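The structure displayed is predicted, hence computed values, not measured ones. Just follow the structure's listing: the first ligand is 1, and inside any ligand the first atom is 1.
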Amino acid sequence: MRHCSMIGLCYKFNKARSGGFPSPQQFAMWSSKLLSFVLTSLLASPALAATITQSTQLTTQTFDYIIVGAGTGGLVVANRLSEDPRVSVLVIEAGVSDDSILGFEAPFLGPTMTPNTIYDWNYTVTPQPGMGGRVFTYPRGRILGGSSTTNFMFHQYGSSEDWNRYAAFTGDLGWAWSNMRQYVQKHETFVPPPGPDSLNKYLPSNHGFHGTTFLSVLSENQTDIDSRVLATLDALHDEFPFNRDMGGGDHSLLGVGYAVTSGANGVRSSSSTSYLAQANGRPNLTVLINSVVTKLIQTPSTKGLKAFRKVQVASSPGTAPSPGGNPVISVTARKEVILSAGFIGTTQILQLSGIGDSNDLSALGIPTIINNPSVGRNLSDHTQLANVFSVRGTESYDSILRNETAIGAEVQEYLTNKTGLLAGAISNNLGFLRLPRNASIFDTVQDPTPGPNSPHWEIIIGNVYFNPDFPTPPSGSYLSIVTSLISPTSRKSSQSRFYEAYSHSTLIKHILIIRTGGTVKLASNNPFDKPLIDPQFLMTDFDIFTMREAVKAVLRFFGYAAWSDYIIGPFGDLFAAAKDDASIDAYVRGVCTSILHGVGTASMAPVNAKFGVVDPNLKVKGVDGLRVVDASVLPLVPSAHTQGPVYLVAERASDLIKSGH
Ligand SMILES: Cc1cc2nc3c(=O)[nH]c(=O)nc-3n(C[C@H](O)[C@H](O)[C@H](O)COP(=O)(O)OP(=O)(O)OC[C@H]3O[C@@H](n4cnc5c(N)ncnc54)[C@H](O)[C@@H]3O)c2cc1C
Ligand SMILES: *[C@@H]1O[C@H](CO)[C@@H](O)[C@H](O)[C@H]1NC(C)=O
Ligand SMILES: *[C@@H]1O[C@H](CO)[C@@H](O)[C@H](O)[C@H]1NC(C)=O
Ligand SMILES: *[C@@H]1O[C@H](CO)[C@@H](O)[C@H](O)[C@H]1NC(C)=O
Ligand SMILES: *[C@@H]1O[C@H](CO)[C@@H](O)[C@H](O)[C@H]1NC(C)=O
Ligand SMILES: *[C@@H]1O[C@H](CO)[C@@H](O)[C@H](O)[C@H]1NC(C)=O
Ligand SMILES: *[C@@H]1O[C@H](CO)[C@@H](O)[C@H](O)[C@H]1NC(C)=O
Ligand SMILES: *[C@@H]1O[C@H](CO)[C@@H](O)[C@H](O)[C@H]1NC(C)=O
């Protein structure tokens, strides 16, 4: 129904705003121009040796560990467990190989590769009541590396306060920042950006230099708007302070600076190109792609608990190399099954296996084996609102993206030298900001952030038309400023309950807001049916208030003199909104989508809590030999883009699994 990729590549024609826009066929034409360059420009990168493409190629059906999902979290665990040559590890991935795909190697092209391609799950959300009942695309990677292959490459760890809140929430100090910070060193190798002003873009003390995934600041030679951003930060520093390092963790996220990205030297670093590539030569690691896990099968109880060590696997629609596809088989784990299928896939597999809310399961004819109403509940996510300005001249990327000759030259430069437009990220600058202390909303609503050094909202500055789910205009140059709600409070139930959680340490005391949040539910008992995803966006006064204030802040930022010779004015819906609070709210509800940071659907909770899907060691409650290691275990969405936090969770999870055996 929607065919719109992120940078100016929209196939869908939105009826509601069709006036004056060209036809869907025209959009499709522009899109396919760029896409055809991307898809036909194959790269000669090394093949992924240990990857098998059909279950018939398996030489055994029994492994020590079986990891479901070769995504961000799953491939960290695969790497760390297979460091021990005495254990065997199988990873099962529904998607295809990421080998030799230019669109995933070149940072700038990543956003053009999903949704509605074979690399995506092609999900949409259910109608969102807080957004005028709108439905929009909800991409998730379906490829080696999962969403780390298809994401926009922004990389932070969240604030230390996020992790201290996770520790307080779970009662496990192992999740506190003082413990988690060690995993930064295992995870990242920061590559300083070239150029004399390199040290204005990052703090060496905030990074690791010997880890697995490459990070950098991919802003070199990218855009002429950087100097305007810096001039604005200088002039408006009380509201928008410059922050020299946007990596989070040890250093405050607050302020605006250069985006840290999961790539270096012009190349994306995904969990596949980093964690898997490093482990690929190990004989005891097998990666099976094109194969979807349809359910877990109950096996004899161990340690007095139910067990699910058998995994049912079918060929993945649209990816099987042979027309007949793979037979349905099952494989068994001697030690553990680890679910790393992401916050949607993991939830779906648990429910298909009879682990979930018994009312929901029985309605679909699935026998309940473990009744746990927390499965698929408490989803929380960040919003994404693209505020578009029209600008003068040809500095913005739009004119290049419309020009076949120019794109061809960029592709050539990238293939030859890994430099130029395609080597850079889609945004150079981003920032994390708080509402003013005296904002009126705090008269009635308690501050939902995990602490005073954590943001309420985010700004991302891109010198191009970027408005997912809305068509790109055929002409003109644009600047797109994404604003995102980072501390959402939306919940389904109208009661808001508060409680204080104290960990056994006196160091960590936090007030936690209980949120019911959104849901991921099965639509049917068919594992190939898409689940119902309902993030419940913008359902509280706080959430709409913060989005509204962010729009006003954007208008202040870009109203500064440094922009006057560049910006013509707010474009499209933003133009109509720049009037009063009511019109801003209507604009937000009418345009906003998701920045795709869902967490919480298989949440951690204290060992004895009556809610939660996994315990603080990530073991599924009431089950032996089954863990979850992906974004779904985070109880609340962190104050950052989510890949960095997922990498840290997976690094610690690997230590927990190893120490448990
Ligand atoms: C388009 C997009 C842009 C984003 N941009 C950013 C960004 O710029 N910065 C950032 O930090 N975060 C970003 N995110 C979010 C971030 O990438 C995710 O939070 C993170 O990668 C999630 O990791 P995960 O391990 O939970 O799941 P994933 O990485 O999605 O891995 C799950 C894997 O499991 C596989 N799988 C699912 N079901 C099954 C099944 N039944 N059988 C077999 N395999 C299965 C999937 O195909 C996938 O490979 C973005 C996400 C998207 C989708
Ligand atoms: C690991 O691989 C070696 C060589 O292929 C094999 O002999 C051994 O049995 C494997 N170990 C496990 C635990 O599978
Ligand atoms: C997503 O859409 C594309 C294009 O229509 C299709 O080829 C692919 O198989 C779809 N993926 C899934 C998981 O349905
Ligand atoms: C959602 O999370 C809260 C804690 O924030 C918890 O009290 C509640 O029980 C959870 N709801 C479900 C359905 O798990
Ligand atoms: C397209 O790009 C080429 C090469 O950069 C340039 O010479 C040409 O003028 C551009 N065409 C248009 C219509 O802008
Ligand atoms: C690659 O870099 C070299 C050296 O800087 C340069 O001479 C050449 O023109 C570049 N190639 C392309 C295609 O941009
Ligand atoms: C930017 O320019 C410098 C020197 O001119 C060069 O070394 C570097 O590779 C370029 N980076 C990109 C991403 O094009
Ligand atoms: C908050 O304080 C600032 C000055 O510190 C003032 O300009 C502003 O009007 C105040 N806002 C509200 C909502 O009180």
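- Within the 4.5 Å cutoff, no side-chain heavy atoms of Val620 are placed close to those of Phe308.
- Among His597, His641, Arg140, the residue whose heavy atom sits closest to atom 18 (C) of ligand 1 is Arg140.
- Using a 4.0 Å cut-off between heavy atoms, Arg140 makes no contact with ligand 3 at all.
- Here's the thing with Pro139: none of its N/O atoms is less than 3.5 angstrom from an N/O atom of ligand 1.
- For atom 33 (C) of ligand 1, the nearest non-hydrogen atom from the set Gly345, Ser147, Ser340 comes from Ser340.
- Judged by distance alone, with hydrogens and angles left aside, the side-chain atoms of Thr213 form no donor-acceptor pair with the main-chain N or O of Glu188 at under 3.5 Å.
- A 4.5 Å side-chain heavy-atom check between Leu276 and Leu144 finds at least one atom pair inside the cut-off.
- Counting atoms of ligand 3 from 1 in the listed order, those under 4.0 Å from a heavy atom of Lys530 are 14 (O).
- With contacts defined as side-chain heavy-atom distances shorter than 4.5 Å, the pair Leu90/Leu288 qualifies.
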Can you list every pair where an N/O of ligand 5 is under 3.5 Å from an N/O on the protein?
unit_1, atom_1, unit_2, atom_2, d
ligand 5, 2 (O), Asn403, OD1, 3.3
ligand 5, 2 (O), Asn403, ND2, 2.3
ligand 5, 11 (N), Asn403, ND2, 2.8

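- Ligand 1 does not have Thr149 within reach: every non-hydrogen atom of the residue lies 4.0 Å or more from it.
- Nearest to atom 11 (O) of ligand 1 by heavy-atom distance, out of Gln348, His382, Gln643, is Gln643.
- By the criterion of a heavy-atom distance under 4.0 Å, the backbone of Asn116, and not its side chain, is placed next to ligand 3.
- Summarising the contacts of atom 37 (C) of ligand 1 with Ala425, Ser316, Ala341, the nearest heavy atom is found in Ala341.
- Comparing Thr642, Thr72, Thr137 against atom 21 (O) of ligand 1, the shortest heavy-atom distance belongs to Thr72.
- For Ser148, the side-chain hydrogen bond (donor to acceptor under 3.5 Å, both in side chains) test picks out Ser271, with sequence neighbours left out.
- Residue contact annotation: Ala640 has no non-hydrogen atom under 4.0 Å from ligand 1.
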